[in-house]
Amino acid sequence: MKQDVKQDAKKETKPKSKQFKLDLHTRNSLKGLVFVTPFIIGIILFFIYPIYMSLRLSVGAQVAIRGMQIRGFTIEHFVRAFVVDLEFLPIFGEAVRQTLTQFPLTIVLTLIIAVLLNRDIKCRGLFRVIFFIPFLLGSGEVMKQLLNQGVDRAVLNIMDGRLIPYNVLSYFGTTIMDVVQTVLGLLVTVLWGGGVQILLFLSGLQSISPALYEAAKIDGATEWEIFWKVTVPMISPMLLLNIVYTLVDSFTNINNPLLEYIQEYGFENAEFQYGAALGWIYFAFIGVLVAVIFAVMQKYMHTSEVEEVKKRERKHRVFTIEKAPKRTFD
């Protein structure tokens, strides 16, 4: 009996093993890490090493094509782009002008389309698919071949005078006809590649609480005021995302003349060092432009009420140091 009692006492005194438990935030983080892991592996294997080689080529003094052995250090390739090469700066300016022309039009048109598609209309899902299908079918080399065949400038011929009568165009002359064809072709190109922007704007519009619109209407706000005072501030994070995406997509478009110029030197002429230097100059310009956009848009970004309260607390926080009471010894 005594031995049984001692064994029971030992069992009771044994420490219970702690079970390893994860909180909800940690579990969600691990789930997200599992889904992102293939992308991280792809970045490490197929992105970081090419970036290093490109940077090393741009500042390499001598390159042996066989084995890609790079020796020395120089910046003459960057100097050549701005001082010696007479074609780089004009092509660079043309690429920037082309991007800055299409960029505002893309943002405005896709936002308008997203606002219209967000309304309670019949066949709303069908219209969303219709606007997104051209992006899937006509991207990359397919889009380049279509533009080379003049699809964007054939809108007037396709409409056969139903959009703008031929009599009206012939009255203004060939100059106005060319301008109209250019504008319509630009609209076709923008709408053709605006599927992602429309979906992003739709996701932002659908996250806005209907109570905000009801409160604005009760206060007597018009549709125009509701758009600028409610819709635009609430989708400002998505607007910033679309601006950055559209800029990067325009600068890296397959029809960009500067990219064709860089590919000509890098692959056709086998001047890997100069082609890499041109690519890094272009990359630095895009990075600076994106940083400026972030800095300008930061003050106009909408944040949640919780974040606003935290900002105010940090701004008006006062730190005080209380002196410890002096001890007295009797």
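In this text, all values refer to a predicted model and were calculated from it rather than measured experimentally.
Looking at F201 and L239, their side chains come closer than 4.5 Å, going by heavy atoms from C-beta outward. Contact check for L212 versus M234: side-chain heavy atoms found under the 4.5 Å cut-off. Within the 4.5 Å cutoff, no side-chain heavy atoms of Y245 are placed close to those of T106. Contact annotation: the side chain of F82 approaches that of I281 to within less than 4.5 Å [non-hydrogen atoms, C-beta and beyond]. Two residues are said to be in side-chain contact when any heavy atoms from C-beta on lie closer than 4.5 Å; T101 and L105 fail this criterion. Put simply, the side chain of S207 does not reach to within 4.5 Å of the side chain of M238, judged on heavy atoms. Between V59 and T74, every side-chain heavy-atom pair lies at or beyond the 4.5 Å cut-off. Side-chain contact between F294 and V244 is present, with heavy atoms from C-beta onward closer than 4.5 Å.
Taking hydrophobic clusters as Ile, Leu, Val, Met, Phe, Trp and Tyr residues chained together by side-chain heavy-atom distances below 4.5 Å, I41 does not share a cluster with L33. Note on V292 and L241: separate hydrophobic clusters, where clusters join Ile, Leu, Val, Met, Phe, Trp and Tyr whose side-chain heavy atoms are under 4.5 Å apart, directly or indirectly. Transitive grouping of hydrophobic side chains (ILVMFWY, heavy atoms separated by less than 4.5 Å) keeps I44 and F35 in distinct clusters. In the hydrophobic clustering of ILVMFWY residues, with side-chain heavy atoms under 4.5 Å counting as a link, L116 and Y213 come out apart. At a threshold of 4.5 Å between side-chain heavy atoms, the hydrophobic network of Ile, Leu, Val, Met, Phe, Trp and Tyr places V248 and V296 in two separate groups.
Rounding to the nearest 0.5 angstrom, the gap separating the CG atom in D219 from the CD atom in E225 is 10.5 Å. The distance from atom CD of E94 to atom OH of Y261, rounded to the nearest 0.5 Å, is 14.5 Å.
Side chains of Y274 and S58: a donor-acceptor N/O pair is absent below 3.5 angstrom, by distance only. Between the side chains of Q197 and T246, a donor-acceptor pair is found at a separation under 3.5 Å.
Closest approach of I286 and F251 over heavy atoms only: CD1-CB, 3.5 Å. Nearest heavy atom pair, residue T231 against residue L205, reads CG2-CD2, 3.4 Å. A pairwise comparison of heavy atoms in L278 and A81 identifies CD2-CB, 3.7 Å as the closest pair. Considering all non-hydrogen atoms of both residues, A276 and S54 come closest at CB-O, 3.4 Å. Residues I293 and L240 approach most closely at CG2-CD1, 3.9 Å, considering heavy atoms. Taking all atoms of both residues into account, the shortest heavy-atom contact from G275 to I262 is O-CG2, 3.6 Å.
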Evaluate Y265 against F272 for ring-ring contact (aromatic ring centres under 6.0 Å, His included), listing each step before the verdict.
CA-CA 7 Å; Y265 272 100; F272 303 111; over 10 Å; no

I226 and T222: CA distance, side-chain angles, deciding distance, side-chain contact (heavy atoms from CB on, under 4.5 Å) verdict:
CA-CA 6 Å; I226 290 175; T222 61; over 6 Å; no

Give the C-alpha distance, both sets of side-chain angles, the deciding distance and a yes or no for salt bridge (Lys or Arg N to Asp or Glu O under 4.0 Å) between E214 and K217.
CA-CA 5 Å; E214 294 176 2; K217 291 178 181 178; over 6 Å; no

Between W280 and L57, does the side-chain contact (heavy atoms from CB on, under 4.5 Å) criterion hold? Intermediate values first, please.
CA-CA 10 Å; W280 277 102; L57 280 170; over 6 Å; no

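Taking the six-membered ring for Trp and thresholds of 30 and 60 degrees, F92 and F88 have ring planes inclined between 30 and 60 degrees apart. Relative orientation of the Y52 and Y49 rings is tilted, given thresholds of 30° and 60° on the angle between their planes.
Using a 4.0 Å cut-off between charged side-chain N and carboxylate O, E271 and R80 make a salt bridge.
The environment of CD1 in I75 is sparse: at most 12 heavy-atom neighbours from other residues, nucleotides or ligands sit within 6.0 Å. Sparse packing is recorded around CZ of F47, with 12 or fewer heavy atoms of other residues, nucleotides or ligands lying under 6.0 Å away. Within a 6.0 Å sphere centred on CD of Q298, other residues, nucleotides and ligands contribute 12 heavy atoms or fewer.
Of the candidates I113, V108, V115, V115 is the only one forming a side-chain contact (heavy atoms from CB on, under 4.5 Å) with L111. The residue from N256, L258, D85 that alone fulfils the side-chain contact (heavy atoms from CB on, under 4.5 Å) condition with I91 is L258.
Between the Q206 side chain and the S203 main chain, no donor and acceptor come within less than 3.5 Å of each other.
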